[in-house]
Amino acid sequence: MTNAEIVTLLSHVAAAYSVMDEKKHYFQIVAYKKASEAIESMSTQLTDQYEEGKLDAVPGIGPSIKKHLTDVFENGKSQHLEKVLATVPSSMFPLLDIPSFGPKKAYRLVTEFHLTNPKTVVQDLQKIAKQGKIAKLDGFGPKSEHDILQAISEYGMGVNKSSRMVLPYASEIADKIVHYMKRCPQAVQVETLGSMRRKKETIGDIDVAVATKDPKKVIDYFVNYPYKDRILEKGDATASILISGGKHIDLMVQPVGSFGSLLQHFTGSKEHNIKLREYALKKDVSLSEYGIKKITEKSKTQKVRESDQTQTYDSEEKFYNALGLDWIPPEIRENTGEIEAALHHTLPKLIELKDIKADFHLHSSFPIEPSHDLGQDTIETMAKYAEKLKYHSIGFSEHNPSQKNHTKEEMKRLVEQRNHVIDQVQKITKSVRIYKLLETDILPSGNLAIDNSVLNILDATIVSVHSVFSMNKNDMTKRVINGLSHKKAKILAHPTGRLIDKRPGYELEWEELFAFCKKHNKALEINAWPYRLDLSDILVKRAISKGVNLVIDTDSHAVSQMNLMRYGVDVARRGWAEKKNIINTWPPEKIRSWLLST
DNA sequence: GCCGTTTTCGGCCCGACTGTTTTCAGTCG
């Protein structure tokens, strides 16, 4: 059972409760949604938590949901959850993936028109809408019928609530729109918001904030964005457009004086904001995107809007400080302890891109006849670029020469030839120390793919898994630790092997691996390749808490890819990494003695 | 159904926007 399946299950339970009686089940609905969202944002598998007996360590999972999930893991289903789901027609669930469809609308339509087949329900509904039958229902009209048709057609083209982009792709779109908005004469300040600002590994919608004295003009300017497909919403303070590719861009506008509150509010995460508001309520203040409002007896009972009493903030620092908290970097606003740390002034001083002085995972074009892909640029080109980046250390880590096609002696000769080129390049790039590494496969047996005679002519090696991903957790852990045990092996590259949205990666006994790495001074890699970002933020945080050192590498196969380092730093920041936790920020001599230690 | 720097009971974030409505329901973030 994957996380995605559990997320679907729990959100469907919440939807079923909403249909049954939203008022009566209000808090169950909130609880199931909360649990579902918490699991969605996990980057480890819930089954792991279950196996370790730590299901309720997940925020939002308490005794009751824990019991139901345990049933699901043990028996494939939970009697209780099945019972709840059975109160509504299962044909309503596929509709929930379509934008603008919630539980009420989905239920109403499938019951009203007796749509019972979940497999065809979307097409069936489309047919009915085209016949003009929806507009005749109470509470619906021609416009909502039209909107339903549009939503279904866009859904058919891949627009749905859950589709997300990887960070670099989203960054490209965001940069364009930010650039466009900055040219709006009335825009004083322009910032991204949401998961984009928090640098999550995948991004849903792009959210942009603008500070202005003239919201109307800014919103008019925004909805005229030349690359838009159509306008989704347009109000006094917000607007939303759809761009080609089915991505939403949301705009939030606010006066300069309350821009800090706006940034805070829409940067989220949702979990962070909920926690922050709960905390604020205890201090008798209420938070919104406009600022902080003192709760009086009158406003409690009458629910009157007392905007004149709202204290506004032009910066986020002032907003957080007003609550007695230190400013919290956007990357760690996930309700994983940052609010408590801000309260006690114990927030980490997160690593920054400028701290990075090394990159150990570079694939050059040297014809080493590798087991996997070769790089595109020469050792010299890449070393020169490292100088430009002001690095003091780099390492060439081509894949080891293919075992299948070469004898031990041939492999050794190839590596010697490569080392010779490195020596030549080292003479002309004095400011960067170049290490002779390889990226060596850890075979299913746990042995390394190259012989000691080859390993001995290296400064050190990165090791990684590139085959037989389907081993069980125990065996895979043994395999990895075995590979990492070689005295020349210093770094475990892309430790889970996952590819975002393509391949889940293999499971490891993390506590065992962390303990091993700490004891033997091995590093785990944060691979900055956009589809890897492996280790993930959550595992980074766990590793750091166990005292494991990490290294951020780009895994570059071309010189331009050396710029991907920023995405690795984003992951490290999201994992609460400080400079000291990341080996490529260390001074050159410290790196040298670590890398060459045996 | 979850959760704890007032608490193991009694609370539970806050608001915008749209369509179909004469004051609100549904959806979204």
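So you know, we letter chains A, B, ... as the sequences are listed, proteins then strands, and number each from 1.
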Legend entry - Gap in Å between the two C1' atoms, one belonging to dG26(B) and one to dT20(B), rounded: 11 Å
Legend entry - Interatomic distance, Ile98(A) CD1 vs dG26(B) P [rounded to whole Å]: 18 Å
Legend entry - Between dC17(B) (P) and Leu232(A) (CG): distance, integer Å: 14 Å
Inset, instruction - Starting from C1' on dC28(B), measure out to NZ on Lys104(A) and report it in whole angstrom. - result: 14 Å
Inset, instruction - On DNA chain B, check which nucleotide each of Ile274(A) and Ala237(A) is closest to and give me the residue with the more 5' one. - result: Ile274(A)
Legend entry - Arg230(A) side chain to Gln150(A) side chain, donor-acceptor N/O pair below 3.5 angstrom: yes
Inset, instruction - Before accepting this row, confirm whether a basic side-chain N of the pair Arg498(A)/Glu201(A) lies closer than 4.0 Å to the acidic partner's carboxylate O. - result: yes
Legend entry - Under-4.0 Å side-chain N/O to phosphate OP1/OP2 contact, Tyr290(A) with dA16(B): yes
Inset, instruction - With the side chain counted from C-beta on, respond yes when Arg532(A) and Leu499(A) share a heavy-atom pair under 4.5 Å apart, and no when they do not. - result: yes
Could you run down the sub-3.5 Å N/O contacts of the protein with nucleotides 19-24 of chain B?
from	atom 1	to	atom 2	distance (Å)
dG19(B)	OP1	Lys143(A)	NZ	2.6
dT20(B)	OP1	Gly141(A)	N	2.6
dT20(B)	OP1	Gly141(A)	O	3.1
dT20(B)	OP1	Ser144(A)	N	3.1
dT20(B)	OP1	Ser144(A)	OG	2.7

Inset, instruction - Quick one: label Tyr32(A) by what it contacts on the DNA or RNA (base, sugar-phosphate, nothing), any heavy atom closer than 4.0 Å. - result: sugar-phosphate
Legend entry - Separation of the C1' atoms in dC17(B) and dT23(B), to the nearest angstrom: 16 Å
Legend entry - Below 4.0 Å: OP1/OP2 of dT27(B) and any side-chain N or O of Ser100(A): no
Inset, instruction - Classify the angle between the aromatic ring planes of Tyr17(A) and Tyr32(A) as parallel (below 30°), tilted (30 to 60°) or perpendicular (above 60°). - result: tilted
Legend entry - Donor + acceptor pair across side chains of Asp56(A), Gln49(A) (<3.5 Å): no
Inset, instruction - Take atom CD1 of Ile148(A) and atom P of dG26(B), then tell me their distance rounded to the nearest Å. - result: 14 Å
Inset, instruction - Round to a whole Å and report the spacing from CG of Leu251(A) to C1' of dA16(B). - result: 13 Å
Inset, instruction - Take the protein atom CG of Leu10(A) and the nucleotide atom C1' of dC2(B), then report the distance between them rounded to whole Å. - result: 14 Å
Legend entry - Among dG15(B), dT18(B), dG29(B), the nucleotide that comes nearest once only the side chain of Ser288(A) is considered: dG15(B)
Legend entry - Nearest listed nucleotide, side chain of Lys270(A), among dT27(B), dG15(B), dG29(B): dG29(B)
Inset, instruction - Would you mind telling me which of dG26(B), dG29(B), dT18(B) lies closest to the side-chain atoms of Asp207(A)? - result: dG29(B)
Inset, instruction - Report yes if some heavy atom in the side chain of Leu287(A) is under 4.5 Å from a heavy atom in the side chain of Leu323(A); otherwise report no. - result: yes
Legend entry - Structure string for DNA chain B in dot-bracket form, Watson-Crick and G-U at under 3.5 Å, | interchain: ((((....)))).((((((....))))))
Inset, instruction - Rounded to the nearest 0.5 Å, what's the gap from CE on Met252(A) to CD on Glu191(A)? Could you check? - result: 14.0 Å
Legend entry - Whole-Å C1' distance, dT6(B) and dG1(B): 23 Å
Inset, instruction - Can you tell me the distance, in whole Å, between the NZ atom of Lys247(A) and the P atom of dG29(B)? - result: 13 Å
Inset, instruction - Please state the P separation for the pair dT22(B) and dG15(B) - nearest whole angstrom. - result: 26 Å
Check the interface with nucleotides 3-6 of chain B: list each N/O to N/O pair with the protein under 3.5 Å, or write none.
from	atom 1	to	atom 2	distance (Å)
dC3(B)	OP1	Gly60(A)	N	2.7
dT5(B)	O4	His344(A)	NE2	2.5

Inset, instruction - Kindly determine whether Asp205(A) and Ile249(A) satisfy side-chain contact (heavy atoms from CB on, under 4.5 Å), including the steps that lead there. - result: CA-CA 6 Å; Asp205(A) 296 339; Ile249(A) 301 182; over 6 Å; no
Legend entry - Under 3.5 Å: donor-acceptor pair, side chain of Tyr180(A), backbone of Tyr221(A): yes
Inset, instruction - State whether the number of non-hydrogen atoms from other residues, nucleotides or ligands found under 6.0 Å of Glu74(A) atom CD is greater than 12. - result: yes
Inset, instruction - Assign Ser286(A) to base, sugar-phosphate, or nothing according to its heavy-atom contacts below 4.0 angstrom with the strands shown. - result: sugar-phosphate
Inset, instruction - Report the residue (Phe266(A) or Leu287(A)) whose heavy-atom-nearest nucleotide on DNA chain B is the more 5′ of the two. - result: Leu287(A)
Inset, instruction - Return no unless some side-chain N or O of His146(A) is found under 4.0 Å from OP1 or OP2 of dT18(B). - result: no
Legend entry - Pairwise side-chain contact, Ile332(A) with Arg574(A), heavy-atom cut-off 4.5 Å (strictly under): no
Inset, instruction - Consider the side chain of Glu289(A), meaning its heavy atoms from C-beta on, and name the nucleotide among dG29(B), dG15(B), dT27(B) that approaches it most closely. - result: dG15(B)
Legend entry - Anti or syn - dT7(B), cut at 90° from 0: syn
Legend entry - Ion pair Glu334(A)/Lys200(A), N-O distance below 4.0 Å: no
Inset, instruction - Report the C-alpha distance between His272(A) and Glu338(A) in whole Å, list the side-chain angles of each, state the deciding distance to 0.1 Å, and finish with yes or no for side chain to side chain donor-acceptor pair (under 3.5 Å). - result: CA-CA 9 Å; His272(A) 173 85; Glu338(A) 74 280 5; 2.7 Å; yes
Inset, instruction - Round to the nearest Å and state the distance from Phe27(A) atom CZ to dG10(B) atom P. - result: 14 Å
Inset, instruction - Taking atom C1' in both dT8(B) and dC2(B), compute the distance separating them and give it to the nearest angstrom. - result: 12 Å
Inset, instruction - Determine, using ring centers only, whether Tyr320(A) and Tyr313(A) are less than 6.0 Å apart. - result: no
